[in-house]
Amino acid sequence: MKPLSPFKFFLENKKRTTIILIVLMLSVAVVSFITSMVTSVIIDSNNAALKPYEYCSTVAKTPGEIFMKDSLVQEVSTLPEVDQTIEIVPEQTIYDSFMGDTSVPIYFIEDGAALQQAMVAMHLTLKAGRLPSGDTHEVVLHEKLLKNKGLQVGDSIGSEVQDDESLSGRYKIVGSLEGDAIIGFGSTSVTAAAYQEMAIDAPQALMLIPEAGQLSQLNRQLDQIEKQDAVVHTHTALKEIADDQLTGINMMLKTIIVILVFILSVSVGALVYIIYLGRSDEFGILYAMGYRNSFITRMVLKELTVLSICSWVIGYFFSIVLIYAINALLLADKGQHLYMFTMTGFTNTLFIPAMVLICASFPIVRRLRKWDPIAVIERRD
C-alpha cells in the first residue's frame, strides 16, 4: 500500500474535503469582508473629513461672534507660509457611511476666480454642469456626495427641501466635482445673505492656501492661536480627533477578528480531527507496513497544509467576488464602495489557515504518536 499524495487523497475523498473546504472558505471570506467594511468606513470618513485639509487650512469666527475680528484676519493673512487667502462662508452637509454619518464641508465663495483657485488647490475638477455664479443660491457638489444623497445636477438641496438635511436653506445643484476630497462649493449662502442685510462687511472664515511644501509649518502657526479667539481647522488637529474616534472602531475590529479566528479555528480544527479519526485503519496499516511515525506525521501535516492553503485561496477569491458584487449591485448608486483588497484584510485572513493548521494538527499528531499499529488493525484502538 502506497500513501496517496495530498491532492489524490482529496480527490478520492471528495465529501470530507468539500466539508472542510466550505467551512474554511467561508471563514476566510467573513474575516475579509468585515475587514473590508471597516477599512472602507475609515477611508471614506478620512476623505470626507480630512482630505480637504491636506491642501489648505481654515480659520473661522467663534460661535459667539458674528464675524472674524480684524486683528485675527490681519494676523493669519500675513503669515509667511500663506500663499492665498480666500474668504469663505463654511457650511456642512451629511455623508451617510456604513457605520454612521460624516460631516462634509461646503464652502461658499462669492468670488468666482477664488472658487476656481480653491478647486485647483484641492485637486478637484468639474465633471458635469457648471460652477455656481452670481448672487443665486447655487452649489456644486462632489459626485460621491451626490450619489450618496440620491441627487443629481439640476436637483435642489437644503433644509427647505429635505427634512433631514443639515444645510440650511435651499440651493440648486448646478454641477458635480471629481477628485479625492469629498466637498462642495457654493456662491452665495443663506447665512451670508442675512449678514449682508445687516450691512456687515467682514469675513466669517478664511481659507488659507499655503506656499508649496509649507502646510505643516502653517498648521503649527495656526495651532498656536487661542481657541477663544477663533475656530481653527488644520489637518493635524482634525486627524487627532479622527484618530481618537476611530480608535474604538479599530479596537472593535481587532476584537471581532480575534474572536472569529479563535472560534473558527477551534471549530474547524475539531472537524478536521474528527474526519481524520476515520482514517485510523489507513494509519494502522501504514504503521504495520513499516512506515515510521515521523513519515506519517509529515504526511498528515502536508495534507493539512495543502488543504489550508487551497481553502484560503478559494475563500479570499470568493470574498473579492462577493465585495465586487455588493459594490456593483448595492453601493455604486449610493456613492459608497468596499475596498476589494486591503493589506489589513489580507493579513487578517492569513490567521485562519495558520490557526486551523495548528488546532487540527496538534491533536492529530499527538494521537498518532500514541497509536499502536497492532491495536489499530485489531480494532482495539
Side-chain angles (χ1 to χ4, degrees), residues 6 9-10 13-43 97-100 245-280 283 297 299-327 330-331 338-370:
F9 173 79
F10 297 149
N13 295 268
K14 293 184 179 65
K15 186 175 181 180
R16 296 176 178 178
T17 303
T18 301
I19 294 174
I20 300 174
L21 274 174
I22 290 176
V23 175
L24 268 172
M25 179 191 74
L26 292 177
S27 301
V28 171
V30 167
V31 171
S32 177
F33 179 79
I34 292 176
T35 305
S36 175
M37 183 176 67
V38 175
T39 302
S40 299
V41 171
I42 294 173
I43 293 177
S97 63
F98 297 103
M99 294 186 180
Q245 294 174 342
L246 293 174
T247 298
I249 296 178
N250 285 324
M251 182 61 66
M252 179 185 67
L253 172 62
K254 292 178 181 179
T255 302
I256 291 175
I257 296 301
V258 169
I259 293 174
L260 272 177
V261 169
F262 177 78
I263 293 176
L264 293 173
S265 299
V266 173
S267 301
V268 177
L271 175 63
V272 174
Y273 176 69
I274 293 172
I275 290 176
Y276 267 73
L277 282 181
R279 299 176 64 186
S280 299
F283 296 146
T297 299
M299 181 188 73
V300 171
L301 292 176
K302 186 186 295 184
E303 290 177 0
L304 292 175
T305 301
V306 171
L307 187 61
S308 298
I309 292 174
C310 291
S311 300
W312 178 84
V313 171
I314 296 173
Y316 197 76
F317 178 77
F318 175 74
S319 71
I320 292 177
V321 173
L322 177 64
I323 292 171
Y324 177 83
I326 292 175
N327 285 339
L330 299 178
L331 302 181
L338 296 174
Y339 289 84
M340 289 189 287
F341 175 82
T342 64
M343 185 54 65
T344 303
F346 180 82
T347 304
N348 287 341
T349 57
L350 290 177
F351 287 113
I352 295 288
M355 288 298 296
V356 167
L357 182 61
I358 294 173
C359 293
S361 62
F362 177 76
I364 293 173
V365 171
R366 185 169 178 271
R367 184 174 178 84
L368 282 174
R369 290 178 177 176
K370 294 183 176 182

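Going from atom CG of Leu322 over to atom CG of Asn327 covers 9.5 Å, rounded to the nearest 0.5 Å. Between the CD1 atom in Ile34 and the OG atom in Ser319 there is a gap of 11.5 Å [rounded to 0.5 Å]. From Thr39, atom OG1 reaches atom CZ of Phe341 across 11.0 Å, with rounding to the nearest 0.5 Å. Expressed to the nearest 0.5 Å, how far CD1 of Ile352 lies from OG of Ser27 amounts to 5.5 Å. Rounded to the nearest 0.5 angstrom, Ser32 OG and Leu350 CG are separated by 10.5 Å. The SG atom of Cys310 sits 13.0 Å away from the CE atom of Met25 when rounded to the nearest 0.5 Å.
Close placement of the Phe346 and Trp312 rings is indicated, their centers lying within 6.0 Å of each other.
Considering every non-hydrogen atom in both Tyr316 and Val28, the closest pair reads N-CG1, 3.7 Å.
Side chains of Val31 and Phe351 form no contact here, defined as non-hydrogen atoms less than 4.5 Å apart.
Of the possible polar contacts, one joining the Ser36 side chain to the Tyr339 backbone as a donor-acceptor pair under 3.5 Å is found.
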